[in-house]
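Data block below; observations after.
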Amino acid sequence: ELQRCEQVCQSDCFLRAHWNEFQEHARLHIFESYCRIHQCINIEMISSRLNMEVEEAELWIVKLIQNAKLEARIDSEKSRVVMTKAPPNVYQQVIEKTKNLAFRSTMLVSNMEKEKR
């Protein structure tokens, strides 16, 4: 798909100047989508999706890992990216636990008022 996008961008005089930026963001989006779905990703397969050579894709993924944009490791023997489970974020846990707190408090007050009547 990126090859078709490149053809369109290169043929348009306004988009031609923005192709490199578009390609980088598109690659990030495609790779993030695969990471959310799969635990292990074959580097050869993802390199074809990213319109890159295998070595180039592996280097690109290594840079993502080093820049802390990706919680993963590369298994060079099997030529794949293995996603690691990130420890739960404490902040996110607090938000999840208190998400319905206002609603539950309102319901509790409402039930207490009903009991008084």
Side-chain angles (χ1 to χ4, degrees):
E1 297 300 317
L2 275 179
Q3 291 171 342
R4 281 196 247 163
C5 291
E6 182 176 15
Q7 291 171 351
V8 170
C9 284
Q10 295 301 337
S11 65
D12 187 293
C13 62
F14 296 109
L15 296 177
R16 185 179 301 138
H18 302 287
W19 167 245
N20 289 333
E21 186 178 354
F22 176 85
Q23 181 180 35
E24 183 65 22
H25 288 288
R27 285 176 173 166
L28 277 171
H29 179 70
I30 292 167
F31 191 70
E32 284 177 3
S33 298
Y34 271 90
C35 289
R36 287 189 184 121
I37 297 169
H38 305 286
Q39 191 71 29
C40 295
I41 303 168
N42 184 313
I43 294 177
E44 188 175 323
M45 183 274 307
I46 197 69
S47 68
S48 68
R49 300 277 194 265
L50 299 175
N51 195 25
M52 301 170 101
E53 295 295 322
V54 175
E55 295 81 17
E56 183 185 8
E58 188 170 350
L59 190 65
W60 185 77
I61 294 166
V62 167
K63 287 180 183 177
L64 283 179
I65 293 170
Q66 289 174 344
N67 293 335
K69 291 183 179 179
L70 182 62
E71 293 289 328
R73 64 180 178 81
I74 294 182
D75 184 351
S76 297
E77 289 179 9
K78 297 180 181 175
S79 185
R80 65 182 184 177
V81 178
V82 180
M83 303 306 297
T84 57
K85 294 273 185 186
N89 183 350
V90 175
Y91 177 73
Q92 193 63 35
Q93 286 179 344
V94 170
I95 289 175
E96 290 297 321
K97 296 281 184 188
T98 60
K99 191 181 279 185
N100 295 324
L101 193 58
F103 174 73
R104 292 189 315 216
S105 299
T106 305
M107 291 302 294
L108 183 62
V109 169
S110 175
N111 288 338
M112 288 175 65
E113 287 176 356
K114 286 181 184 176
E115 287 180 8
K116 286 184 181 179
R117 293 181 195 160

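Predicted model, so just to flag it, every value in this text is computed and none were measured. Side chains included, hydrogens not; waters and symmetry mates left out as well; all remaining heavy atoms used.
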Next on the checklist: Rounded at 0.5 Å granularity, tell me how far OG in Ser48 sits from CD in Glu53.
Outcome noted: 10.5 Å
Item to check | Donor-acceptor contact below 3.5 Å, side chain Asp12 vs main chain Val8 | outcome: no
Checklist entry - Is the side chain of Ser105 donor-acceptor paired with the backbone N or O of Leu101 at a distance under 3.5 Å, no angle test? => result yes
Next on the checklist: If you define the side chain from C-beta out and look only at heavy atoms, does anything of Trp19 sit under 4.5 Å from Leu15?
Outcome noted: no
Checklist entry - Is the side chain of Arg73 donor-acceptor paired with the backbone N or O of Val82 at a distance under 3.5 Å, no angle test? => result no
Item to check | Side chains of Met112 and Leu108 in contact at under 4.5 Å (non-hydrogen atoms) | outcome: yes
Checklist entry - Taking side chain as C-beta onward, heavy atoms only, is Leu28 less than 4.5 Å from Trp60? => result yes
Checklist entry - For atom CD of Gln39, is the number of surrounding heavy atoms from other residues, nucleotides or ligands below 6.0 Å larger than 12? => result yes
Item to check | Ser47 versus Val54, closest heavy-atom pair with distance | outcome: OG-CG2, 3.6 Å
Item to check | Contact check, side chains of Leu59 and Glu55, non-hydrogen atoms, under 4.5 Å | outcome: no
Next on the checklist: Ignoring hydrogens, what is the shortest heavy-atom contact between Arg27 and Asn51? Give both atom names and the distance.
Outcome noted: NH2-O, 3.1 Å
Checklist outcome for this item: So CD of Glu6 and OG of Ser11: to nearest 0.5 Å the spacing works out to 10.5 Å
Next on the checklist: Rounded at 0.5 Å granularity, tell me how far CD1 in Ile46 sits from CZ in Arg80.
Outcome noted: 15.0 Å
Next on the checklist: Counting only heavy atoms from other residues, nucleotides and ligands, does the tally under 6.0 Å from CD of Glu24 exceed 12?
Outcome noted: yes
Checklist entry - Are the aromatic rings of Phe22 and His18 close, with centres under 6.0 Å apart? => result no
Next on the checklist: With a 4.5 Å cut-off on side-chain heavy atoms, are Ile61 and Ile41 touching?
Outcome noted: no
Checklist entry - Is the number of heavy atoms from other residues, nucleotides or ligands under 6.0 Å of Arg16 CZ greater than 12? => result yes
Next on the checklist: If you define the side chain from C-beta out and look only at heavy atoms, does anything of Leu64 sit under 4.5 Å from Phe31?
Outcome noted: yes
Checklist outcome for this item: Rounded to the nearest 0.5 angstrom, the NE2-CE distance for His38 and Met45 is 6.0 Å
Next on the checklist: Can you tell me how far apart CE (Met52) and CD1 (Ile43) are? Round to the nearest 0.5 Å.
Outcome noted: 11.5 Å
Checklist outcome for this item: Here the pair of heavy atoms bringing Ala72 nearest to Val81 is CB-CG1, 3.9 Å
Item to check | Close side-chain approach of Ser76 and Glu58, heavy atoms under 4.5 Å | outcome: yes
